[in-house]
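Worksheet for the structure shown next.
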Amino acid sequence: PSSATMPPNLPPQIAVGQRRDHDTAAQNQGTWLHALLEHLAPVSGWSAGQTGIEKNTMLKRLQIPAEACESLWQRAQQLLSDQSLQRFFDANFYGAAYNELAYVNAAGELKRIDRLVEFDTEVWVLDYKFGSPESAARYRPQMLEYQTSMQDIYVGKMISCALIFHDGTFMEIV
């Protein structure tokens with residue numbers, strides 16, 4: 001658009017994190033699975049399947065290669081329908097849910113939570129991981145930062161954090 005059609009005095013876009021080239025197939029798989037979950041996990045106001053985007057269109061839009069599409073789609077569907085994770089993905093169980101929830105922490109950094117799910121007396125901060133549960137310890141500082149930040153927002157509610165691995169493993173971080 002020309003400068004005449006741009007709204008005046010808009011602040012520059014704030015970058016969130018850094019994009020890196022993925023060196024391994026596993027890293028690529030993790031990125032694509034994360035993108036699918038972001039688009040498929042229901043948020044407040046709509047239920048699963050209400051993205052309004054047909055499956056093949058979504059996969060193409062997310063730039064998932066054809067050879068990886070079906071297996072990643074099935075994996076995402078398995079996670080979303082896993083009975084042990086139901087309370088985090090079925091709107092009948094929670095009060096509100098958000099994907100890719102952005103916030104600014106105490107240091108002024110823009111952060112994003114993969115999924116935040118609010119219940120009557122508690123809030124869960126969920127982070128999707130493609131690696132193995134044995135790597136969970138390395139994510140503890142990240143999850144504790146999320147927990148501290150959300151305690152300032154959800155005063156009076158217990159804030160819990162967990163990792164959800166691609167295989168369905170749910171690991172609470174305390």
Side-chain angles (χ1 to χ4, degrees), residues 17 22 24-56 58-59 61-62 64 67-103 111-151 153-174:
H22 297 292
T24 69
Q27 288 172 318
N28 286 327
Q29 296 274 322
T31 299
W32 298 324
L33 181 61
H34 187 283
L36 274 173
L37 290 170
E38 175 187 345
H39 287 83
L40 293 172
V43 295
S44 295
W46 60 275
S47 60
Q50 287 186 305
T51 60
I53 302 174
E54 188 264 337
K55 173 184 169 183
N56 291 331
M58 180 184 299
L59 292 167
R61 194 174 286 173
L62 296 174
I64 298 174
E67 64 274 8
C69 286
E70 195 55 38
S71 65
L72 287 170
W73 183 266
Q74 291 304 318
R75 191 175 302 241
Q77 295 301 323
Q78 288 169 350
L79 288 171
L80 294 173
S81 63
D82 186 318
Q83 289 299 309
S84 67
L85 301 173
Q86 184 179 21
R87 69 185 295 236
F88 302 113
F89 296 114
D90 183 337
N92 293 312
F93 290 89
Y94 56 77
Y98 309 93
N99 293 330
E100 293 299 313
L101 181 67
Y103 71 95
K111 301 285 185 172
R112 287 194 202 282
I113 293 172
D114 290 350
R115 184 160 178 86
L116 184 135
V117 185
E118 185 176 355
F119 300 94
D120 289 339
T121 61
E122 63 183 337
V123 171
W124 279 86
V125 175
L126 306 173
D127 202 66
Y128 306 131
K129 298 298 180 195
F130 196 80
S132 70
E134 290 78 33
S135 66
R138 71 185 248 204
Y139 301 112
R140 192 169 192 278
Q142 171 192 5
M143 300 307 286
L144 293 177
E145 199 283 333
Y146 290 160
Q147 184 179 41
T148 300
S149 295
M150 293 302 105
Q151 284 172 334
I153 296 169
Y154 292 98
V155 177
K157 290 193 178 193
M158 185 174 83
I159 310 297
S160 299
C161 297
L163 303 173
I164 297 177
F165 289 89
H166 71 283
D167 65 357
T169 300
F170 178 86
M171 186 173 289
E172 186 172 359
I173 303 295
V174 290

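In this text the structure is predicted, and so the values were computed from the model without any measurement. Positions are given from 1 along the sequence.
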Are D127 and K129 close enough for a salt bridge, meaning some N to O gap below 4.0 Å?
yes
Residue pair Y154, E118: steps toward the side chain to side chain contact (heavy atoms under 4.5 Å, CB included) verdict:
CA-CA 9 Å; Y154 292 98; E118 185 176 355; 3.4 Å; yes
Say whether, by atom type as modelled, one donor and one acceptor occur between the side chain of Y146 and the main chain of R112 under 3.5 angstrom.
yes
Any chance the side chains of E145 and S149 put a donor and an acceptor closer than 3.5 Å?
yes
Quick one, Q27 with T24, criterion side chain to side chain donor-acceptor pair (under 3.5 Å). Give me CA distance, side-chain angles, the key distance, then yes/no.
CA-CA 5 Å; Q27 288 172 318; T24 69; 3.3 Å; yes
Could you tell me which non-hydrogen atom of A76 sits nearest to which non-hydrogen atom of L36, and how far apart they are?
CB-CB, 4.2 Å
SG-CD distance between C161 and Q142, expressed to the nearest 0.5 angstrom
9.5 Å
Non-hydrogen side-chain atoms of C69 and W32 separated by less than 4.5 Å
no
For a quick test of reading the model, state the closest non-hydrogen atom pair linking P42 to A97 and the distance between them.
O-CB, 3.9 Å
E70 side chain to Q74 side chain, donor-acceptor N/O pair below 3.5 angstrom:
yes
Would you mind checking if E100 and R115 are paired as a salt bridge, meaning a charged N to carboxylate O distance below 4.0 Å?
no
If you apply the rule side chain to side chain contact (heavy atoms under 4.5 Å, CB included), what do you find for V125 with I159, and how did you get there?
CA-CA 7 Å; V125 175; I159 310 297; 4.3 Å; yes
Roughly how far, to the nearest 0.5 Å, is the OG atom of S44 from the CG atom of N99?
9.5 Å
What's the spacing between Y103 OH and K111 NZ if we round to 0.5 Å?
6.5 Å
Take the angle between the ring planes of Y128 and H34 and call it parallel below 30°, perpendicular above 60°, tilted in between.
perpendicular
CZ (F88) and CG (L116) are apart, to the nearest 0.5 Å, by 11.0 Å
Please walk me through it: do D114 and I164 pass side chain to side chain contact (heavy atoms under 4.5 Å, CB included)?
CA-CA 10 Å; D114 290 350; I164 297 177; over 6 Å; no
Pairwise distance CG(L37) to CG(L80) - rounded to 0.5 angstrom
5.5 Å
Any side-chain heavy atom of L163 sitting closer than 4.5 Å to one from F170?
no
Taking all heavy atoms of A26 and all of F130, pick out the closest pair and write down the distance.
O-CD2, 3.4 Å
Beyond-backbone contact of L40 with M58, side-chain heavy atoms, under 4.5 angstrom:
yes
Can any side-chain N or O of S135 pair as donor or acceptor with the backbone N or O of G131 at less than 3.5 Å?
no
Rounded to the nearest 0.5 Å, what separates atom CD in Q83 from atom CZ in F89?
13.0 Å
The side chain to side chain contact (heavy atoms under 4.5 Å, CB included) partners of L144 (sequence neighbours excluded) come to R140, Q147
Are any non-hydrogen side-chain atoms of Q86 and S84 less than 4.5 angstrom apart?
no
For R87, check side chain to side chain contact (heavy atoms under 4.5 Å, CB included) against everything at least two apart and list the hits.
F93, F119, E122, W124
List the steps and the verdict of side chain to side chain contact (heavy atoms under 4.5 Å, CB included) for V117 and V123.
CA-CA 6 Å; V117 185; V123 171; over 6 Å; no
